[in-house]
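Side-chain atoms are counted along with the backbone in the values below, which use heavy atoms only and exclude waters and symmetry mates. Every chain is numbered from 1, with letters handed out A, B, ... down the list of sequences.
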Amino acid sequence: MLAVRDLSMSFAGLRALSGVSFEVREGEVRAVIGPNGAGKTTLFNLITGALVPQAGELSFAGASLLGRGAPAIARLGLARTFQQAQLYRSLSVIENVLLGCHAAGRSGLVACGLGLGRARAEEHAARLWAQECLARVGYAGREDRIASELPLGEQRYVEIARALATRPRLLLLDEPAAGLNDSETDALADLLLQLRQSGLSLLVIEHHMRFVMRVSDRIVVLNFGEKIADGVPAAIRQDPAVIAAYLGNDDGTART
Amino acid sequence: MCASCSTLCTEPAPMPRRDRNLWFGLCALVLVAPWLLGGGYFINTSNFVAIYALPAIGLCLLVGYCGQLSISHAAFFALGAYASGILSARQGLNPWLALLLAQVLAAVVAVFIGWVVLRLRGHYLAIATLSFTIIIEVLIKELGSLTGGLQGLSGIPRLSLGGWPIASDTALHYLLWTVTLGVLWFALNLAHSRMGRAYRAIKEGDAATALLGVDVSRHKIEVFVLSSLFASLGGSLYAHFVTFVSPAAGSVMFAIDIILVLAFGGFDRLWGAMLGVLALTYLNEYAVTFADYKRVAFGVALVVIMSFFPTGLLAGLVAAGQRLWRKGA
Ligand SMILES: Nc1ncnc2c1ncn2[C@@H]1O[C@H](COP(=O)(O)OP(=O)(O)O)[C@@H](O)[C@H]1O
Ligand SMILES: [Mg+2]
């Protein structure tokens, strides 16, 4: 459903991505791994329209993503979370998730200002949906808590709920397990598998190898902006190029 | 259907109950005010409160909610006032029609200005909108044949109902406050709707917002136009109320006065803006006797408030009070 073709991007001469191609199939969990600085986050920024690629093709469900702004790409059914959770710090948990519902909203400024019945009905429906999204990620805290007061782990779950609220077909997660302990990481893996079960496709950046091996159907490996391997977990585990890339890095496979 | 969900969605309207009660309270106050205040001076000043509340409410939505610091509200106030005045006094149009056309003109100008300046951020946006205010101020003074120049524009007809001009303080009181209450009600609804939420998200940062599919620039333009329209509506009502407009209506000084109102009441609080207008308008009336020092005093007050209470004096005091209270409890 997502096709990446010969994607290249450089920043002031530094090649962050060069000629990367891969695709994500409907209903699969696709992982992107690679050492720090390999270009993984840059890849997400290009797919979601936060950055414009210098070369290559991007298409989603048959439509090209090039030349569309970030809001239009999001409305095609792509949602993401960030390496550092990007919640609205002064807004409450439920308001953050409701912002995920915003783009689908129909009532305009006048309807909202007049407090028309249809604006109120829409708000009510959005609230129920936002609560459902919070329940889906298992957020059990109070929904009127201010986001900046949440521990980082909870912020990440709220961010996933906000992404789910946009009703995406493909969800991009940037290092969702970073900073979690083993049992929290297992719980997160359960959540991702549950989301896949519900028909969502996922593209996940992660370092945590045990987590990646458990959740992903196929793995793309990036190193210095180039794709060095692509395949099912069992094949990636034994790939000599992957082992070489990771052994030369502190972040290696030893971290399981 | 609602039994299972939180208290939040038992609200039938987007506006929280507290705001609705306050609003109805204000309606009741407006209804009885002519008896409480008697005729004359107090009611006359309260009519100015109703007028100045309009640009303040507009600026509160634009700056306090959406985070777009604009110094163009005096310019839109003047645009409304002069357009209304010129169309009715010079062109002989019915004052209601003049008022309506003035808002159409203001909306067109706001769409254009908004489209140009809202790409800018922070200080640049403030400077661009300040420049617009200065241009309008200069135009008013230079286009004397149209605007009356420094002498101002006089002989603006009053609004009338069924052939009777609305001229008594009490009649004006009900007219002006009906408009202001309506605008306040609209703004309160908006602030608590999905739009208000989007404005606060935009204020915090654009990047993640666009990635959620929110059309940031469209929201910014919409709220800019709405907020400018509130200001120009205030200007038109002012013109037909005072029956005279002078270049002071479009001055940078007036623009700063509107910001001072928010600095006093709290930038993101509509009720704070209302209190700020009330305080500043009455203060202004009493300060007539030492008018020369007024500007200095207000300037110093603005700097002091912004240094110690960046969210606004009242809002800052309330927050400080709550902190003390929590510590005590
Ligand atoms: N906006 C940017 N400007 C300049 N350099 C960038 C920018 N974004 C990423 N880079 C550089 O591109 C390379 C890849 O970064 P990134 O995609 O964040 O890697 P990863 O997520 O795999 O750790 C790094 O060397 C980084 O410094
Ligand atoms: Mg990264």
Minimum heavy-atom separation for A:Ala70 to B:Leu211, with atom names? CB-CD2, 3.6 Å

Give the member of A:Val110, A:Asn96, A:Leu91, A:Leu98 that has the highest number of heavy-atom pairs under 4.5 Å with chain B. A:Leu98

Quick check: do A:Glu123 and B:Ser193 have side-chain heavy atoms less than 4.5 Å from each other? no

With heavy-atom distances below 4.5 Å as the criterion, would you say the side chains of A:Leu114 and B:Asn189 are in contact? no

When the 4.5 angstrom heavy-atom criterion is applied to A:Thr48 and chain B, the contacting part is both

Treating B:Arg194 as the side-chain partner and A:Ser107 as the backbone partner, does any N or O pair qualify as donor plus acceptor under 3.5 Å? yes

Are more than 12 heavy atoms from other residues, nucleotides or ligands located less than 6.0 Å from atom CZ of B:Arg218? no

Closest non-hydrogen atom pair between A:Tyr88 and B:Leu212, with its separation: OH-CD1, 3.8 Å

Check A:His102 against B:Ala198 and note the closest heavy-atom contact, atom names and distance. CE1-CB, 3.4 Å

With sequence neighbours left out, the residues meeting side chain to side chain contact (heavy atoms under 4.5 Å, CB included) with B:Ile113 are B:Val109, B:Val117, B:Phe132, B:Phe224

Which residue out of A:Gly100, A:Gly105, A:Ala163, A:Gly117 racks up the most heavy-atom pairs below 4.5 Å with chain B? A:Gly105

Rounded to the nearest 0.5 Å, how far does CZ of B:Arg197 lie from CG of A:Leu99? 6.0 Å

How about A:Ser90 and B:Glu204: does a side-chain donor come under 3.5 Å of a side-chain acceptor? yes

Please identify each residue that fulfils side chain to side chain contact (heavy atoms under 4.5 Å, CB included) with A:Ser64, with sequence neighbours left out. A:Glu57, A:Leu66

Do any of residues 73-86 of chain A have a heavy atom less than 4.5 Å from a heavy atom of chain B, and if so, which, in residue order? A:Ala74, A:Arg75, A:Arg80, A:Phe82, A:Gln86

Counting heavy-atom pairs under 4.5 Å to chain B, which of A:Ala103, A:Ala104, A:Gly49, A:Gly113 comes out on top? A:Gly113

Using the test salt bridge (charged side-chain N to carboxylate O under 4.0 Å, His left out), find all partners of A:Glu175 that sit at least two apart in sequence or belong to another chain. none

